[in-house]
Amino acid sequence: MYAEDSFFTLGPLGRVGLVIVSILFAMIALGMTWVMTRLRPLIIRVPIWGVLFITFIWASPQGYYTYYRLIFDGLPAQSVVGSPPPPDVVLAFLTFSHQATLSAHSVGLLGWAMLIVAIWPQRRKCRDAAN
């Protein structure tokens with residue numbers, strides 16, 4: 001399924017670097033989701049997740065392009081961020097029907113992981129327990 005994926009056009013160090021960058025981006029996205037949704041009512045957490053996930057889809061290509069500029073000579077300094085993705089594209093990522101690529105499927109998995117973080121039951125500390 002992924003034999004023709006662009007990931008495999010990179011050398012071994014390029015692949016390792018891309019995986020590290022992707023893990024870093026995922027940790028940032030999951031951490032932001034946790035910080036932005038903790039101790040908020042569920043009805044607020046889901047829209048926050050949606051905004052954060054759409055923001056990730058929209059802005060992360062710039063971070064990846066910056067990485068590619070480090071490993072490929074001659075790439076110009078430019079913005080690759082376009083318009084925010086429309087709802088059908090967001091849904092396609094979440095249903096794994098956007099593209100049959102490692103990148104698209106990883107974004108879908110991240111979206112679901114962010115949703116789980118957002119809706120995970122959160123306990124509030126009881127102030128009276130210390131007394």
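A quick note: this is a predicted structure, and the numbers were derived from the prediction, not measured. We use all heavy atoms of the structure for the numbers below, so side chains are in, but hydrogens, waters and symmetry mates are not.
Heavy-atom minimum distance, S6 versus T9: O-OG1, 2.6 Å. Across W49 and A118, no two heavy atoms sit closer than the pair CB-CB, 3.8 Å. Of all heavy-atom pairs spanning R40 and I44, the tightest one is CD-CG2, 4.0 Å. In terms of heavy atoms, T55 sits closest to V51 at OG1-O, 2.7 Å.
Side-chain contact between F72 and L10 is present, with heavy atoms from C-beta onward closer than 4.5 Å. Looking at L18 and Y64, their side chains come closer than 4.5 Å, going by heavy atoms from C-beta outward. Proximity of W34 to L30: side-chain heavy atoms (C-beta onward) are nowhere separated by under 4.5 Å. Inter-residue side-chain proximity for F7 and V19 is flagged as met; some heavy-atom pair is nearer than 4.5 Å. Side-chain contact between F56 and I28: absent, with no pair of heavy atoms (C-beta onward) separated by less than 4.5 Å.
Between the side chain of R45 and the backbone N or O of V117 there is no donor-acceptor pair closer than 3.5 Å. Although no hydrogens or angles enter the test, the distance criterion places no donor-acceptor pair under 3.5 Å between the side chain of W58 and the main chain of P85.
V16 and V21 fall into different hydrophobic clusters, where Ile, Leu, Val, Met, Phe, Trp and Tyr side chains are chained together by heavy-atom contacts under 4.5 Å. The cluster map of Ile, Leu, Val, Met, Phe, Trp and Tyr, joined by side-chain heavy atoms under 4.5 Å apart, puts W120 and I43 in different clusters. Under a hydrophobic clustering in which Ile, Leu, Val, Met, Phe, Trp and Tyr are joined whenever their side-chain heavy atoms come within less than 4.5 Å, directly or via other members, I116 and L110 fall into different clusters. Both V46 and L94 sit in one connected hydrophobic cluster of ILVMFWY residues. Membership requires side-chain heavy atoms under 4.5 Å apart, directly or through other members. The cluster map of Ile, Leu, Val, Met, Phe, Trp and Tyr, joined by side-chain heavy atoms under 4.5 Å apart, puts L109 and M114 in the same cluster.
Atom OG1 of residue T37 and atom CD1 of residue I48 lie 6.5 Å apart, to the nearest 0.5 angstrom. The distance from atom CG of L115 to atom CG of L52, rounded to the nearest 0.5 Å, is 11.5 Å. Expressed to the nearest 0.5 Å, how far CD of Q62 lies from CD of Q78 amounts to 8.0 Å.
When each of F25, F96, F93 is tested with V107 by the rule side-chain contact (heavy atoms from CB on, under 4.5 Å), just one qualifies, namely F93. The one candidate from Q99, H98, H105 that meets the side-chain contact (heavy atoms from CB on, under 4.5 Å) condition with T101 is Q99.
For the residue pair S79 / Y65, no side-chain donor-acceptor distance below 3.5 Å is found, with atom types taken as modelled.
Ring centers of Y2 and F8: at least 6.0 Å apart, outside the cut-off.
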